[in-house]
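Throughout, numbering of the chain's residues begins at 1 and tracks the sequence.
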Amino acid sequence: MTYLRQILSTALPALALVSAFGCEDPTNGRPRVDAPFAAEPTNARPIADFPVAAEWSAQAPSGAGPAIVISEARPLLPDARHQEVRLVLINPTSDSIEYYGYPALSSSNPPPPGEILPFYTFERLDDAGVWRPAPVGWCGTGARTLQVPPGHAGEFLAHVEPGKRVRVGVEVTRHSRSGTNISAVWSPAIDLSEESATPATP
């Protein structure tokens, strides 16, 4: 997980700069109109390589679509502004799925097998029990349309605000014989006020 933390330690200050000074290619997580159509392969690994993904897959109903499950929510350090949550994007389908994100921290620093960096977003649960979007800004410079093959999964880290009940989402595109479907895939609720995550369910 060292590589993922390195990415986030670089990305989080960059997000602040996006707001303050702009970015060569700012994006809210959605591919730009001129983003490349052909998806590139990622470091996704077979579902069986991730225990939490394998457990989810064993319990998932037949025909289940892509999912995000929680692997670990790390305790919040006393001086930390964000809490670190480890998640896994799972593709149990017979079709490849695509997401938008970074292929690597740099061309000379590829991620280890199984680690990905999608452009994720958040929603917070308000007092009325309604999920509300939370703003997230990503710098799109160097981002690509990337692919998770059928029966594969990829692990990623999200930094989320403590003291809130949130969920993490990734927009994915699925191409199948019946057509192209674009949808947001959401994690289970993450209760950061208790420094714990709800159990992952299909």
Side-chain angles (χ1 to χ4, degrees), residues 1-8 11 27-31 35 39-61 63-74 83-105 110-123 131 133-134 136 138 140 142-160 166-176 180-190 197-202:
M1 302 306 295
T2 302
Y3 179 85
L4 289 175
R5 293 194 183 94
Q6 184 181 1
I7 290 177
L8 285 173
T27 174
N28 65 353
R30 292 174 175 268
E40 299 179 13
T42 67
N43 280 331
R45 302 285 293 175
I47 289 174
D49 289 1
F50 303 91
V52 67
E55 180 182 356
W56 179 92
S57 184
Q59 300 175 3
I68 294 176
V69 297
I70 302 164
S71 178
E72 181 183 7
R74 291 181 173 271
Q83 181 160 345
E84 187 177 273
V85 181
R86 188 189 306 180
L87 304 115
V88 181
L89 173 62
I90 306 171
N91 179 15
T93 75
S94 58
D95 307 303
S96 292
I97 61 172
E98 299 169 1
Y99 66 89
Y100 201 58
Y102 298 126
L105 184 59
E115 296 183 4
I116 62 175
L117 188 66
F119 281 9
Y120 57 79
T121 188
F122 297 108
E123 286 187 345
W131 288 104
V136 178
W138 291 94
R144 299 286 187 273
T145 301
L146 301 161
Q147 184 182 91
V148 177
H152 284 60
E155 187 174 53
F156 66 99
L157 286 181
H159 279 192
V160 293
V166 303
R167 62 181 182 176
V168 178
V170 175
E171 186 176 274
V172 301
T173 300
R174 179 181 176 185
H175 302 287
S176 66
T180 298
N181 178 265
I182 301 175
S183 61
V185 179
W186 294 99
S187 74
I190 306 166
T198 56
T201 55

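Checked by atom type and distance alone, the side chain of W56 never pairs as donor or acceptor with a backbone atom of I68 at under 3.5 Å. Checked by atom type and distance alone, the side chain of S71 never pairs as donor or acceptor with a backbone atom of R86 at under 3.5 Å.
In this view, S94 satisfies the side-chain hydrogen bond (donor to acceptor under 3.5 Å, both in side chains) rule with no residue, not counting sequence neighbours. Residues passing the side chain to side chain contact (heavy atoms under 4.5 Å, CB included) test with T93 are P66, N91, D95, R174, sequence neighbours excluded. A search for side chain to side chain contact (heavy atoms under 4.5 Å, CB included) contacts involving A184 returns W186, not counting sequence neighbours. The side chain to side chain contact (heavy atoms under 4.5 Å, CB included) check on R45 picks up D49, F50, P113, with sequence neighbours excluded. A search for side chain to side chain contact (heavy atoms under 4.5 Å, CB included) contacts involving A134 returns F122, R124, not counting sequence neighbours.
Using the six-membered ring where Trp is involved, Y120 and W138 have ring planes that are perpendicular, over 60° apart on the 30 and 60° scheme.
Summarising the geometry, atom CG belonging to L117 is positioned 9.0 Å from atom CZ belonging to F156; distances are rounded to the nearest 0.5 Å. Note that the NE2 atom of H159 and the CD atom of E84 stand 4.0 Å from one another [nearest 0.5 Å]. Between the CG atom in N43 and the NE2 atom in H152 there is a gap of 11.0 Å [rounded to 0.5 Å]. Within the model, atoms CD1 of I97 and CG of N181 stand 11.0 Å from one another, a figure rounded to the nearest 0.5 Å.
The shortest non-hydrogen separation linking I90 to A153 is CA-CB, 4.0 Å. Of all heavy-atom pairs spanning G142 and P103, the tightest one is O-CD, 3.4 Å. Between S96 and P150, the shortest heavy-atom distance links the atoms OG-CD, 3.4 Å. The two residues A44 and P149 have their closest heavy-atom pair at CB-CD, 4.1 Å.
Within the 4.5 Å cutoff, the side chain of S187 has no heavy atoms near those of the V69 side chain. Within the 4.5 Å cutoff, the side chain of V185 has no heavy atoms near those of the Y99 side chain.
Considering T121, V85, I70, I190 in turn, I190 is the only one that fulfils the side-chain contact (heavy atoms from CB on, under 4.5 Å) rule with V168.
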